[in-house]
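Reviewing the structure listed below.
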Amino acid sequence: MALQAAFLPSALSVPKKGGLAAVVKDTAFLSVPQKKLQAASLSVRTQVATAPVSTPGSSTAAKDGKKTVRQGVVVITGASSGLGLAAAKALAETGKWHVVMACRDFLKAAKAAKGAGMADGSYTIMHLDLASLDSVRQFVDNFRRAGMPLDSLVCNAAIYRPTARTPTFTADGYEMSVGVNHLGHFLLARLLLDDLQRSDYPSRRLIILGSITGNTNTLAGNIPPKAGLGDLRGLAGGLRGQNGSAMIDGSESFDGAKAYKDSKICNMLTMQELHRRYHEEMGITFASLYPGCIATTGLFREHIPLFRLLFPPFQKFITKGFVSEAESGKRLAQVVSDPSLTKSGVYWSWNKDSASFENQLSQEASDPEKARKLWEISEKLVGLA
Ligand code: LMG
Ligand code: NDP
Ligand code: PMR
């Protein structure tokens with residue numbers, strides 16, 4: 001331990017209060033038998049910052065003889081801002097979760113965690129650039145070498161290029177919005193399924209962010225440009241700009257706003273396909289959600305200044321769909337850890353009183369045939385088939 005601490009930044013310290021095992025009073029959690037923990041010792045120093053000195057995931061017997069559930073480990077992609085950061089903070093604050101912040105910009109993430117007041121030792125930052133499949137594989141390696149169990153994975157990171165009329169590409173040559181939001185997460189989720197399966201945590205979950213704007217059964221989903229994957233011919237062709245279409249549906253012209261909305265359909269279809277293929281076998285809960293319109297996040301950084309000025313008041317006072325970053329963080333934290341949200345295959349939303357409910361996806365975002373086709377093409381593009 002002392003040797004380990006010597007390698008870690010000075011910002012690291014053992015949490016003074018709360019410890020690494022939380023007493024969970026909820027009986028829903030306690031009904032599942034505890035298996036042997038596989039948490040090995042932390043052995044990797046490179047690309048891992050603010051690693052906790054104690055091992056997350058180790059269990060501690062409660063002194064009063066009550067059953068305890070060890071601290072869970074949740075990986076959140078894109079936890080350096082917006083929803084991901086707010087959820088990381090909400091989960092870390094409970095003391096029941098150790099948060100692995102999987103981020104492309106290490107320093108930004110470190111500053112964001114500090115700025116949000118997250119306690120040293122309650123989180124670990126690990127590098128992940130979803131715009132590179134090599135980086136995704138490297139992240140998985142690093143995570144495994146760090147020796148933590150994986151109890152929950154949140155595929156949250158995304159980019160939105162609303163005004164782009166020409167595509168940009170990932171390291172592997174795929175259009176950026178779909179490459180990052182869908183393909184990077186698709187590979188990450190597939191690789192980490194094994195780790196989730198190995199976890200002995202009572203409720204293991206894999207969550208992928210969806211959105212209302214990818215669902216054409218809503219008003220918001222009907223604001224042009226509308227989402228639509230067509231017959232997936234552009235994706236099958238590799239989303240490679242000049243040498244084929246950069247749009248999933250194969251259109252010749254590129255539309256950044258549509259590419260984002262299309263990527264959200266992919267996210268929601270992937271969650272359901274994971275559910276169909278693995279829920280029964282592995283017992284993992286697969287879920288998606290629309291957290292509300294978090295109009296103030298970095299997602300809109302590339303939109304025109306007028307939009308960024310008017311969008312928050314528009315959502316607050318006119319559509320009433322606005323939700324603060326803190327509130328949205330609580331919603332996502334609920335989907336990660338609320339004992340009542342264990343149902344798999346669900347797309348969660350919240351009503352005006354902030355109560356969660358199972359929402360209805362559009363026809364396209366719940367089409368099993370399209371989900372299967374998307375799965376098969378995506379497997380090829382990320383090198384799994
Ligand atoms: C497309 O533009 C882009 O072309 C595309 O590239 C891509 O970026 C895409 O989805 C992303 O957007 C779409 C957008 C551009 O245009 C539209 O959505 C079409 C309609 C535009 C209408 C704008 C003004 C309408 C004003 C309505 C006022 C309220 C009436 C009730 C409305 C709802 C009823 C159901 O648009 C923009 O970029 C700018 C639009 C910004 C959106 C918000 C505008 C609302 C302004 C209202 C101000 C609210 C103030 C509230 C109170 C304040 C109190 C302090
Ligand atoms: P933000 O832009 O605030 O956060 C997005 C995060 O993704 C950032 O941390 C960003 O990193 C990260 N990211 C972007 N590209 C990559 C990459 N290549 N590799 C790794 N990480 C990357 O947006 P939000 O918090 O609003 O969005 C979070 C999720 O919520 C998204 O999935 C979005 O689709 C969804 N959502 C958002 C809604 C909203 O109204 N805002 C509504 C519905 C869904 P960095 O900090 O380095 O830029
Ligand atoms: Mg939308 C009726 C309610 C409603 C809701 C809940 C949203 C959510 N929006 C609604 C209505 C409208 N929007 C209306 C009436 C308009 C025309 C003025 C409108 C416009 C609009 C734009 C231009 N809205 C947008 C944009 C964006 O660029 C955002 C987007 O599409 O990103 C892909 C967006 C959003 N509206 C939402 C939500 C949640 C977004 C953010 C993006 C997301 O899906 O993640």
Side-chain angles (χ1 to χ4, degrees), residues 76-88 101-113 125-133 135-136 139 154-163 168 170-171 174 176-177 179-185 188 207-215 218-227 255-268 288-304 306-308 310-312 314-325 327-329 331-332 347-350 352:
I76 305 180
T77 68
S80 52
S81 91
L83 175 61
L85 177 62
M101 301 169 71
C103 298
R104 63 174 164 176
D105 184 335
F106 207 91
L107 280 178
K108 181 178 175 183
K111 276 191 194 157
I125 302 169
M126 294 180 84
H127 185 258
L128 167 67
D129 183 355
L130 289 156
S132 155
L133 297 175
S135 173
V136 172
F139 170 82
V154 182
C155 298
N156 162 79
I159 55 148
Y160 174 38
R161 309 194 55 239
T163 57
T168 50
T170 64
Y174 304 130
M176 188 65 81
S177 325
V180 168
N181 306 0
H182 168 60
L183 292 172
H185 279 135
L188 181 72
I207 297 147
I208 309 179
L209 263 291
S211 182
I212 195 168
T213 55
N215 281 291
T218 62
L219 169 61
N222 278 287
I223 306 297
K226 285 211 260 180
D255 184 328
K258 181 171 187 299
Y260 170 89
K261 294 176 189 180
D262 289 352
S263 77
K264 289 287 121 184
I265 302 192
C266 294
N267 287 154
M268 295 179 281
S288 187
L289 66 149
Y290 167 58
C293 186
I294 330 158
T296 52
T297 72
L299 194 67
F300 310 103
R301 66 188 96 183
E302 287 188 39
H303 223 309
I304 56 168
L306 180 65
F307 175 87
R308 281 188 273 126
L310 295 178
F311 193 54
F314 174 63
Q315 293 294 344
K316 245 181 223 165
F317 303 109
I318 298 177
T319 73
K320 309 258 200 287
F322 181 88
V323 64
S324 69
E325 293 182 28
E327 184 60 30
S328 69
R331 291 176 178 183
L332 178 50
Y347 169 63
W348 297 105
S349 293
W350 284 259
K352 285 195 181 66

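All of these numbers come straight from a predicted model, not from anything done at the bench. All ligand and atom numbering here is 1-based and tracks the order in the structure.
If you look at Thr218 next to ligand 3, there are no close heavy atoms at all, none under 4.0 Å. Using a 4.0 Å cut-off between heavy atoms, Lys264 makes no contact with ligand 3 at all. Contacts of Ser211 with ligand 3, taken as heavy-atom pairs under 4.0 Å, involve the side chain alone. Contacts between Pro291 and ligand 2 below 4.0 angstrom, taking non-hydrogen atoms only, involve the side chain exclusively.
A donor-acceptor pair under 3.5 Å is absent between the side-chain atoms of Lys226 and the main chain of Ile223, judged by distance alone. Between the side chain of Ser211 and the main chain of Lys264, no donor-acceptor pair closer than 3.5 Å is present. Between the side chain of Asp255 and the main chain of Lys258, a donor-acceptor pair closer than 3.5 Å is present. Arg161 places no side-chain N or O within 3.5 Å of a backbone atom of Gly256 that could act as its donor or acceptor partner. The backbone N or O of Glu327 sits less than 3.5 Å from a side-chain atom of Ser324, completing a donor-acceptor pair.
The shortest heavy-atom distance from Cys293 to ligand 2 is under 4.0 Å. For Phe300, the heavy-atom gap to ligand 2 drops under 4.0 angstrom. In this structure, Lys320 does not count as a contact residue of ligand 3, since none of its heavy atoms falls inside 4.0 Å of the ligand. In this structure, Glu325 falls outside the shell of residues with a heavy atom less than 4.0 angstrom from ligand 2. Cys155 does not count as a contact of ligand 2, since none of its heavy atoms falls under 4.0 Å from the ligand. Not a single heavy atom of Thr77 lies less than 4.0 angstrom from ligand 2.
The option from Thr297, Ile223, Ile318, Ile304 that lies nearest to atom 20 (C) of ligand 3, judged by heavy atoms, is Ile223. Checking Gly184, Gly78, Ser81 against atom 3 (O) of ligand 2, the nearest heavy atom belongs to Ser81. Atom 10 (C) of ligand 2 has its nearest heavy-atom neighbour, among Arg301, Met101, Met176, Lys108, in Arg301. Looking at Leu85, Ile159, Val323 and measuring to atom 14 (C) of ligand 2, the nearest heavy atom belongs to Ile159.
Ligand-side atoms of ligand 3 in range of Leu299: 45 (O), range being under 4.0 angstrom from any heavy atom. Ligand 3 places these atoms under 4.0 Å from at least one heavy atom of His303: 28 (O). Close approach of ligand 2 to Asp129 (heavy-atom distance below 4.0 Å) involves ligand atoms 17 (C), 18 (N), 19 (N). The contact set between ligand 2 and Gly82, taken as ligand atoms under 4.0 Å from a residue heavy atom, comprises 3 (O), 25 (O). Listed by number with element, the atoms of ligand 2 under 4.0 Å from a non-hydrogen atom of Ala131 are 18 (N). Taking a cut-off of under 4.0 Å to the non-hydrogen atoms of Phe307, the atoms of ligand 3 that pass are 22 (C), 23 (C), 26 (C), 27 (C), 28 (O). Near Tyr260, with a cut-off below 4.0 Å to any heavy atom, the atoms of ligand 3 are 33 (C), 43 (C), 44 (O), 45 (O). Interface of Phe300 with ligand 3, defined as ligand atoms under 4.0 Å from a residue heavy atom, comprises 41 (C). When each atom of ligand 3 is checked for a heavy atom of Ala220 under 4.0 Å away, the hits are 4 (C), 5 (C), 7 (C), 8 (C), 9 (N), 10 (C). Near Leu128, meaning under 4.0 Å from one of its heavy atoms, ligand 2 places the atoms 19 (N), 20 (C). Within ligand 3, counting atoms from 1 as listed, the ones closer than 4.0 Å to a heavy atom of Cys293 are 37 (C), 38 (C), 39 (C). Using a 4.0 Å cut-off to heavy atoms of Gly292, the atoms of ligand 2 that qualify are 40 (O), 42 (C).
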- side-chain contact (heavy atoms from CB on, under 4.5 Å) between Tyr160 and Glu302: does it pass, once the steps are laid out? CA-CA 7 Å; Tyr160 174 38; Glu302 287 188 39; over 6 Å; no
- Using the side-chain contact (heavy atoms from CB on, under 4.5 Å) rule, take Thr213 and Tyr290 through it: C-alpha gap first, then chi angles, then the decisive distance, then the call. CA-CA 9 Å; Thr213 55; Tyr290 167 58; over 6 Å; no
- Message: Run the side chain to side chain donor-acceptor pair (under 3.5 Å) test on Ser135 and Asp129 for me, step by step, so that the C-alpha distance in whole Å, both residues' side-chain angles and the decisive distance to 0.1 Å come before the verdict.
- Response: CA-CA 6 Å; Ser135 173; Asp129 183 355; 5.7 Å; no
- Kindly determine whether Leu130 and Arg104 satisfy side-chain contact (heavy atoms from CB on, under 4.5 Å), including the steps that lead there. CA-CA 8 Å; Leu130 289 156; Arg104 63 174 164 176; over 6 Å; no
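Considering backbone and side-chain N/O of Cys103, none are found under 3.5 Å from N/O of ligand 2. Between Leu209 and ligand 2, no pair of N/O atoms sits closer than 3.5 Å. The shortest N or O to N or O distance between Tyr290 and ligand 3 is not below 3.5 Å. Where the criterion is an N or O separation shorter than 3.5 Å, residue side chain and backbone included, Thr319 fails it with respect to ligand 3. At under 3.5 Å, a nitrogen or oxygen of Ala158, whether backbone or side chain, sits near a nitrogen or oxygen of ligand 2.
Closest non-hydrogen pair, Gly179 versus Tyr174, comes out as CA-CB, 4.5 Å. Between Asn267 and His182, the closest heavy-atom pair is ND2-CA, 3.9 Å. Taking all atoms of both residues into account, the shortest heavy-atom contact from Ala257 to Pro225 is CB-CG, 3.7 Å. For the pair Ser80 and Lys108, the tightest heavy-atom approach, listed with the atom from each and the gap, is O-CE, 4.1 Å. Residue Ser263 comes nearest to Ser177 through the heavy atom pair CB-O, 3.9 Å, listed as atom of the first residue, atom of the second, then distance. The shortest non-hydrogen separation linking Ala79 to Met101 is O-CE, 3.2 Å.
Among all protein heavy atoms, the one lying closest to atom 27 (O) of ligand 2 is Leu299 CD1, 4.3 Å. At the shortest separation from atom 26 (O) of ligand 2 among protein heavy atoms lies Thr297 OG1, 2.6 Å. The protein heavy atom nearest to atom 43 (C) of ligand 2 is Ser211 OG, 3.3 Å. Nearest protein heavy-atom neighbour of atom 44 (C) of ligand 2: Gly210 O, 3.3 Å. Nearest non-hydrogen protein atom to atom 25 (O) of ligand 2 is Leu83 N, 2.8 Å. Nearest protein heavy-atom neighbour of atom 34 (O) of ligand 2: Tyr260 OH, 2.5 Å. Scanning all protein heavy atoms for the shortest distance to atom 28 (C) of ligand 2 gives Asn156 OD1, 3.1 Å. Ranking protein heavy atoms by distance to atom 41 (N) of ligand 2, first place goes to Ile294 O, 3.1 Å.
Under the side chain to side chain contact (heavy atoms under 4.5 Å, CB included) test applied with Val154, the options Thr77, Leu83, Leu209 reduce to a single match, Leu209.
When side chains are defined from C-beta on, Ile159 counts as touching Met176, because their heavy atoms get closer than 4.5 Å.
Here the NE2 atom belonging to His303 is positioned 7.5 Å from the OG1 atom belonging to Thr163, to the nearest 0.5 angstrom.
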